[in-house]
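Below you'll find the structure, written out as structure tokens, and then a few comments.
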Amino acid sequence: MAQLVYVNNPANGELIHTLQYDSEEAIVSKVESAAAAFSSWKQRSAHERAQLLNSWAKCIRENRQEIGELITLENGKPLPEALGEVDYAVSYIDWYAEEAKRIYGRTVPAHVPNKRITVTKEPIGLVAAITPWNFPAAMMTRKAAPALAAGCTFIVKPAEETPLTTIRLIELAHSVGIPEDALQYVLNEGPIVGEIFTSHKAIRKITFTGSTPVGKLLMEQSAQTVKHVTMELGGHAPIIVAKDADLNVAVEQTVTAKFRNAGQTCVSPNRLIVHEEIAEEFTKLLVDKVQTLKVGNGFDPDVNVGPIINKKGFIKIKEQIEDAVNRGATLACGNGYDIDDEKGYYFVLPTVITDIPLDAKIMHEETFGPVIPVVTFTTLEEAVTIANDSPYGLAAYFFTENYKDGLYLSENLQYGIIGWNDGAPSGAHIPFGGMKDSGVGREGGSEGIEPYLETKYLSVGV
Ligand SMILES: NC(=O)C1=CN([C@@H]2O[C@H](COP(=O)(O)OP(=O)(O)OC[C@H]3O[C@@H](n4cnc5c(N)ncnc54)[C@H](OP(=O)(O)O)[C@@H]3O)[C@@H](O)[C@H]2O)C=CC1
Ligand SMILES: O=C(O)CCCC(=O)O
């Protein structure tokens, strides 16, 4: 009997759907059919691939409500956020439908008169993706759209918690004419699929969004077949609030950035580093705002913060809060849970922590929950030192009205994405990705199609 995947609603633990895992033989056979489909998909003109991507985007838009509800059902985020994710997911398809038509080569002046030199770009081949549960639509399209646009075929393993959104998006893609073999999904446990994907010679690239330890493992495994990799891994974003910051803007943006998806976002702020002279006023404004957030089932129109995805995620958050309290920190608001281990749901009240020592766990580990500590600084140099004291380097934010301080911060923060008076820097048109343990490569923007292309150089003697 094939093993089953149980997809549960994280807001109440109820079973939504049961699916069957693919056997290892079935996964290999899907990989091989996706590899075989490469030769015909890459020969379609860029304009034809773009048209098919545009049809897919249109079809998802027509089914926006259904997909949004599916995301809320299996991931738990509030429905307006889930609908926002559908729009965000589609924006990657729109963007790369256009980029498909802009894959240019170049000619290079030769060093002798009897040679002509050209450089062209070709699709890399079959791409395998492993995606997380926190953005089940957008993390899939952010990878599939540039791959298909470039002329690659694509196979994806969605997270065990949220496979339904991926399956539905792929069904819609097939319904508009994207060939079934060129875009596929597989279901089985991460380590099993990871092993098959990384060892199979026909797969030329692995693209992954998820935790840093799994990313490192996939890189190690991919070395055996020298695959290209794009790794979008964990984050530990700081927010620096300078003493001249517009506090209302800083609070508004902090709350939006921190509490979307219940803090389960890799660019979610994890540390607030606030100038000592404004720390009290800022914290009061922040706590007042955080206390207005309503926690609950994402289908309730008043809810702003949904459940934590699973018990493992909840325990990590709880341990970080307990560790802070044990080290003498104060809980300025929050510190409440609504959980039912038997049913399988876990809610955490939005929590702000003050008086916290710099060596507390939460100051160094990714939280992935609706909790944020506040520490103070005296000089900007000190703020930068605290902010950079992390193995991660994905997103950092700061709030200041002073352009010299802003330039200093943007030049000295070791992060791939910087938001200056901006808590929402993401978009299909920008290169998203991190430095250090946050990963390798960029997704989105004109940079985001490059990892799906090989460069070929031709030298002609004439
Ligand atoms: N950068 C980001 O956006 C994300 C960061 N995280 C961080 O990771 C923490 C843990 O979350 P978790 O969901 O366990 O993250 P994982 O990295 O374990 O899961 C993400 C994806 O990787 C798959 N996976 C797990 N193990 C392997 C493996 N050995 N080889 C190949 N694929 C694998 C998972 O599959 P399966 O579901 O079958 O286990 C899932 O599809 C979070 O609290 C957060 O800190 C998590 C998700 C996204
Ligand atoms: O990896 C994530 O957490 C999803 C990225 C969210 C974004 O694109 O803003």
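The model shown is predicted, which means the values in this text are computed figures rather than measured ones. Note that ligands are numbered from 1 as they come in the structure, with each ligand's atoms numbered from 1 the same way.
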### Query
Taking distance alone, with no angle check, do Arg142 and ligand 2 share an N/O pair under 3.5 Å?
yes

### Message
Any nitrogen or oxygen of Tyr92 lying under 3.5 Å from a nitrogen or oxygen in ligand 2? Just yes or no.
### Response
no

#### Entry: Numbered atoms and elements of ligand 1 in range of Cys266, under 4.0 angstrom, heavy atoms
1 (N), 2 (C), 3 (O)

### Query
Judged by non-hydrogen atoms, does Glu195 sit under 4.0 Å from ligand 1?
no

### Query
N/O of Thr209 under 3.5 Å from N/O of ligand 2, yes or no?
no

### Message
Within 45 degrees of the ring normal and closer than 6.0 Å to the centroid, is that where the cationic atom of Lys30 sits relative to Tyr185?
### Response
yes

### Task
Using non-hydrogen atoms of the residue, decide whether Gln264 is closer than 4.0 angstrom to ligand 2.
no

### Among Val251, Val352, Asn304, Leu349, side chain to side chain contact (heavy atoms under 4.5 Å, CB included) partner for Val290
Val352

### Summary
For atom 9 (O) of ligand 2, the closest protein heavy atom turns out to be Ser426 OG, 2.5 Å

#### Entry: Check: Arg260 N/O within less than 3.5 Å of ligand 2 N/O
yes

## Note on the structure
Nearest non-hydrogen protein atom to atom 4 (C) of ligand 2, with distance, is Phe135 CD1, 3.3 Å

#### Entry: Atoms of ligand 1 close to Ile130 [distance to a heavy atom under 4.0 angstrom, numbered from 1]
21 (C), 22 (O), 23 (C), 31 (C), 32 (N), 41 (O)

### Query
Identify the closest protein heavy atom to atom 5 (C) of ligand 1: which residue and atom is it, and at what distance?
Phe368 CZ, 3.4 Å

#### Entry: Side chain proximity check, Glu69 to Leu79, heavy atoms < 4.5 angstrom
yes

### Query
Is it true that Lys316 and Glu319 have a side-chain N and a carboxylate O under 4.0 angstrom from each other?
no

#### Entry: Test item: Tyr96 side-chain N/O and Gly444 main-chain N/O as donor-acceptor pair under 3.5 Å
yes

### Query
Nearest protein heavy atom to atom 3 (O) of ligand 1: under 4.0 Å?
yes

### Query
To the nearest 0.1 Å, how far is atom 40 (C) of ligand 1 from its closest protein heavy atom, and which atom is that?
Thr131 O, 3.5 Å

### Task
For atom 30 (N) of ligand 1, find the nearest protein heavy atom and state the residue, atom name and distance (0.1 Å precision).
Gly190 O, 3.3 Å

### Task
Sort out for me which residue in Lys205, Glu454, Arg204 forms a side-chain hydrogen bond (donor to acceptor under 3.5 Å, both in side chains) with His228.
Glu454

### Message
Counting neighbours of NZ on Lys294 that are heavy atoms of other residues, nucleotides or ligands and sit closer than 6.0 Å, is the number greater than 12?
### Response
yes

### Query
Any side-chain heavy atom of Ile449 sitting closer than 4.5 Å to one from Arg102?
no

### Query
What's the shortest distance from atom 13 (O) of ligand 1 to any protein heavy atom, and which residue and atom give it?
Trp133 NE1, 2.6 Å

### Task
Look at Asp87 together with Arg61 and state whether they make a salt bridge at an N to O cut-off of under 4.0 Å.
no

### Message
Assess, by modelled atom type and distance only, whether the side chains of Thr230 and Glu443 contain a donor and an acceptor separated by less than 3.5 Å.
### Response
no

### Task
Using a strict 4.0 Å cut-off to heavy atoms of Leu217, name the atoms of ligand 1 that fall inside it.
29 (N)

### Message
For Thr225 versus Ser199, what's the shortest heavy-atom pair and its separation?
### Response
CG2-O, 3.6 Å

### Task
Could you tell me which atoms of ligand 2, counted from 1 in the order shown, lie closer than 4.0 angstrom to a heavy atom of Tyr88?
7 (C), 8 (O), 9 (O)

### Query
Who's the nearest protein heavy-atom neighbour of atom 16 (P) of ligand 1, and how far?
Ser211 OG, 3.6 Å

### Message
Side chains of Val214 and Phe208, heavy atoms from C-beta outward: is any pair under 4.5 Å?
### Response
yes

### Message
Give me the nearest non-hydrogen protein atom to atom 1 (O) of ligand 2 as residue plus atom name, then the distance to 0.1 Å.
### Response
Cys266 SG, 2.7 Å

### Message
Distance under 4.0 Å to a non-hydrogen atom of Phe208: what atoms of ligand 1 satisfy this?
### Response
17 (O), 21 (C), 22 (O)

### Message
Just to confirm my output: which protein heavy-atom neighbour is closest to atom 48 (C) of ligand 1, and how far is it?
### Response
Pro132 CB, 3.4 Å

### Query
Can a cation-pi geometry be assigned to Lys77 and Phe135, taking NZ or CZ under 6.0 Å from the six-membered ring centre and within 45° of the ring axis?
yes

### Summary
for atom 45 (O) of ligand 1, nearest protein heavy atom and its distance come out as Glu366 OE1, 2.6 Å

### Message
I want to know if ligand 1 touches Leu218 in the polar sense, i.e. an N/O pair below 3.5 angstrom.
### Response
no

### Query
Are any of the side-chain nitrogens in Lys318 or Glu322 under 4.0 Å away from the carboxylate oxygens of its partner?
yes

### Task
Look at the rings of Phe398 and Trp420 and say which category their plane angle falls in: under 30° parallel, 30 to 60° tilted, over 60° perpendicular.
tilted

### Task
Give the atoms of ligand 2, by number and element, whose distance to some non-hydrogen atom of Thr265 is under 4.0 Å.
3 (O), 6 (C)

#### Entry: ligand 1 to Glu189 polar contact by distance, N or O atoms, under 3.5 Å
no

### Query
So is there a nitrogen or oxygen of Val267 less than 3.5 Å from a nitrogen or oxygen in ligand 2?
no

### Query
Looking at Phe432, does the NZ or CZ of Arg142 lie under 6.0 angstrom from its six-membered ring centre and within 45 degrees of the ring axis?
yes

### Task
Could you find the nearest protein heavy atom to atom 35 (O) of ligand 1 and give me its residue, atom name and distance?
Lys157 NZ, 3.0 Å

